[in-house]
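Note that the numbering runs from 1 along the sequence shown for the chain. Counting starts at 1 for both ligands and their atoms, in listed order.
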Amino acid sequence: MTAEIIDGKAIAQALRHEVARRVQALQAARGVTPGLAVVLVGEDPASEVYVRNKGAQTREAGMASFEHKLPATATQAEVLAIVARLNTDANVHGILVQLPLPPQIDAAAVLRAIDPDKDVDGFHPINVGRLVIGEPCLTPCTPTGCVLLAKTVTPKLAGLEAVVIGRSTIVGKPVAQLLLREDCTVTIAHSRTRDLPAVVRRADLIIAAAGRPLMVRGNWIKPGAIVIDVGINRVAADVAGKTRLVGDVAYDEALQVAGAITPVPGGVGPMTIACLLKNTVDAAERIRQSLAN
Ligand code: GUN
């Protein structure tokens with residue numbers, strides 16, 4: 001049996017179209033155009049690519065995109081001043097401060113300064129807490145994308161044994177909370193887990209987010225399991241001097257065993273920005289509603 005390949009690119013595109021429809025509805029009913037502000041400090045090339053893509057996709061969905069670029073030498077006070085302005089700007093419904101930040105900036109303090117109701121990354125401790133206690137909140141984009149992808153295979157995840165590999169604040173911990181909210185039985189495995197292959201073999205749903213190329217082997221996977229691969233690792237290709245992207249899962253092996261699997265690239269990756277746009281329109285609708293009350 002060969003696994004169903006979960007087409008993240010197509011699913012992300014469908015989500016972006018849905019967001020665009022909601023943007024139009026909000027404009028027609030309330031005259032509100034959702035706006036997303038992105039703050040970029042420094043010239044990290046990967047961050048510049050992300051920010052460009054975010055801006056383009058935000059505009060494509062019919063939303064307003066605001067970019068604030070600061071030099072790598074910017075001070076903490078300068079970054080906090082921009083965040084404070086965006087918090088009170090009625091045209092801005094979502095704020096994202098691109099990570100990583102230069103070493104002189106206290107990233108945790110900057111994230112805490114964002115209005116939780118505009119925190120479209122879902123990184124503010126208030127939103128982390130709301131997620132844990134099951135209150136409505138903005139949830140981190142990549143984890144949200146993982147759950148949406150799994151649900152395209154099995155709309156009801158309740159009762160599934162889910163194993164999350166990796167315990168990062170950005171992916172592992174929040175995706176575990178989201179899966180708990182879906183009534184999965186959740187295990188978080190990590191670098192100190194004893195007998196990781198045995199733990200992963202229990203899983204009906206595997207979220208691989210360890211950041212280790214090709215770590216999850218085909219014989220770790222229960223036949224028919226859903227495999228969501230969050231890894232994006234650049235490794236040397238067979239051709240001298242070339243590189244290629246691989247996930248945390250040995251894809252060719254897993255394809256023979258899994259029921260469904262996300263490819264790398266073209267799986268989880270495209271979902272992150274699509275979920276960011278979804279969070280921005282969610283935030284705009286909620287802010288609009290709370291103003292009306
Ligand atoms: N840098 C890489 N991914 C992300 C993300 O999802 N959010 C933010 N703020 N920065 C990032």
Side-chain angles (χ1 to χ4, degrees), residues 8 12 15-16 19 35-58 63 65-70 72 74 76 79-80 82-83 86-87 92-103 105-128 131 137-149 166-178 207 209-211 228-234 245 247-248 264-265 267-280 282-283:
L15 179 55
R16 290 198 306 272
V19 167
L36 171 63
V38 175
V39 180
L40 175 62
V41 186
E43 280 114 40
D44 177 61
S47 291
E48 288 193 331
V49 173
Y50 280 140
V51 169
R52 247 202 325 274
N53 288 338
K54 278 172 197 162
Q57 292 187 29
T58 303
M63 299 197 264
S65 169
F66 307 98
E67 281 175 24
H68 295 267
K69 292 194 177 177
L70 292 171
Q76 169 102 359
V79 179
L80 289 175
I82 289 192
V83 170
L86 296 173
N87 280 343
V92 172
H93 304 89
I95 302 170
L96 180 144
V97 178
Q98 184 68 27
L99 302 175
L101 288 165
I105 312 273
D106 178 350
V110 171
L111 296 180
R112 269 198 301 273
I114 296 171
D115 177 346
D117 294 332
K118 295 188 177 186
D119 169 37
V120 283
D121 254 333
F123 292 165
H124 193 292
I126 293 270
N127 283 319
V128 176
L131 174 60
C137 62
L138 294 162
T139 59
C141 301
T142 301
T144 304
C146 290
V147 173
L148 290 176
L149 289 177
R167 54 177 155 178
S168 71
T169 308
I170 290 183
V171 182
K173 285 178 193 160
V175 83
Q177 289 297 335
L178 287 170
I207 311 281
I228 307 292
D229 190 349
V230 186
I232 302 179
N233 309 286
R234 195 163 280 287
L245 284 182
D248 288 359
V264 176
V268 174
M271 291 299 285
T272 298
I273 296 182
C275 289
L276 175 69
L277 304 182
K278 176 190 164 311
N279 276 354
T280 306
D282 283 346

Using distance only, find each side-chain donor-acceptor pair of residues 35-53 under 3.5 Å and give its atom names and separation, not counting sequence neighbours.
unit_1: Asp44; atom_1: OD2; unit_2: Ser47; atom_2: N; d: 3.0
unit_1: Asp44; atom_1: OD2; unit_2: Ser47; atom_2: OG; d: 2.8

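Inclusion of Gln98 in the set of residues having an N or O under 3.5 Å from an N or O of ligand 1 is warranted. Inclusion of Leu99 in the set of residues having an N or O under 3.5 Å from an N or O of ligand 1 is warranted. In terms of polar-atom proximity, defined here as any N/O pair under 3.5 Å, Leu96 makes no such contact with ligand 1. On a distance-only criterion, Tyr50 and ligand 1 share no N/O pair closer than 3.5 Å.
Judged by distance alone, the side chain of Asp119 and the main-chain N or O of Leu138 form no donor-acceptor pair under 3.5 Å. With hydrogens and angles disregarded, no donor-acceptor distance shorter than 3.5 Å links the side chain of Lys173 to the backbone of Ser168. A donor-acceptor distance shorter than 3.5 angstrom exists from the side chain of Asn87 to the backbone of Ala113, with no hydrogens or angles considered.
Counting protein heavy atoms only, atom 7 (N) of ligand 1 is closest to Asp121 OD1, 3.1 Å.
The CG atom of Asp248 lies 5.0 Å from the CG atom of Asn233; values are rounded to the nearest 0.5 Å.
By the criterion of a heavy-atom distance under 4.0 Å, the backbone of Val97, and not its side chain, is placed next to ligand 1.
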